[in-house]
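All values derive from a computational prediction rather than experimental measurement. What's counted below: heavy atoms across the whole structure, side chains too, no hydrogens, waters or symmetry copies.
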Amino acid sequence: MLKILLIVAVVLAVVWLLRRGGVVQRDDKAARPGGLPPPQAIVACAHCGVHLPQRDAVALAGHVYCSGAHADAGPRSTPPP
């Protein structure tokens, strides 16, 4: 019985160390303090004014849009609210 408890304790210690990162080397180059991802650039749609990440925006003729339909419609003649 003592051997089984000892084996369970060793397995739990190994799992705890692996989750804590004490044994496995992690790639911390992209990680920021607190585990937050790097900030994203936010842009506004030229047609409706919705704010979205730049990586999700559609760029056309010097403007950015939230979708292909708004890119086809073009920029609004009055500034979005």
Query - Sequence-distant partners of His70, ring pair (Phe, Tyr, Trp, His ring centres under 6.0 Å), two or more places apart - result: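 With neighbours one apart ignored, the set is His47.
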Report task. May I ask whether Val58 and Ile42 are part of the same hydrophobic cluster, defined by side-chain heavy atoms of I, L, V, M, F, W, Y residues being less than 4.5 angstrom apart, directly or through others? Result ->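 As far as the 4.5 Å side-chain criterion goes, Ile42 and Val58 are not connected within one cluster.
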Requested in this report: Working to the nearest 0.5 Å, report the span between CG of Leu2 and CD1 of Ile7.
Outcome: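 Atom-to-atom, Leu2:CG and Ile7:CD1 are 10.0 Å apart.
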Query - Distance in Å, Leu6 CG paired with Met1 CE, rounded so as to fall on 0.5 Å steps - result: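 CE of Met1 is found 12.5 Å from CG of Leu6.
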**Report entry** Listed partners of Gln54 passing side chain to side chain contact (heavy atoms under 4.5 Å, CB included), at least two apart
**Finding:**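 Testing Gln54 for side chain to side chain contact (heavy atoms under 4.5 Å, CB included), a comparison that skips the adjacent residues, returns Ala41, Val43.
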**Report entry** Least distance between heavy atoms, Val50 atom then Leu52 atom
**Finding:**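 What the structure gives for the nearest pair is O-CD2, 3.5 Å.
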Query raised in the report: Cys48 versus Tyr65: any side-chain heavy-atom pair under 4.5 Å?
Result: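 A side-chain contact is absent here, since even the closest heavy-atom pair is not under 4.5 Å.
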Query raised in the report: Are more than 12 heavy atoms from other residues, nucleotides or ligands located less than 6.0 Å from atom CG of Leu12?
Result: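 For Leu12, atom CG is crowded (more than 12 foreign heavy atoms under 6.0 Å).
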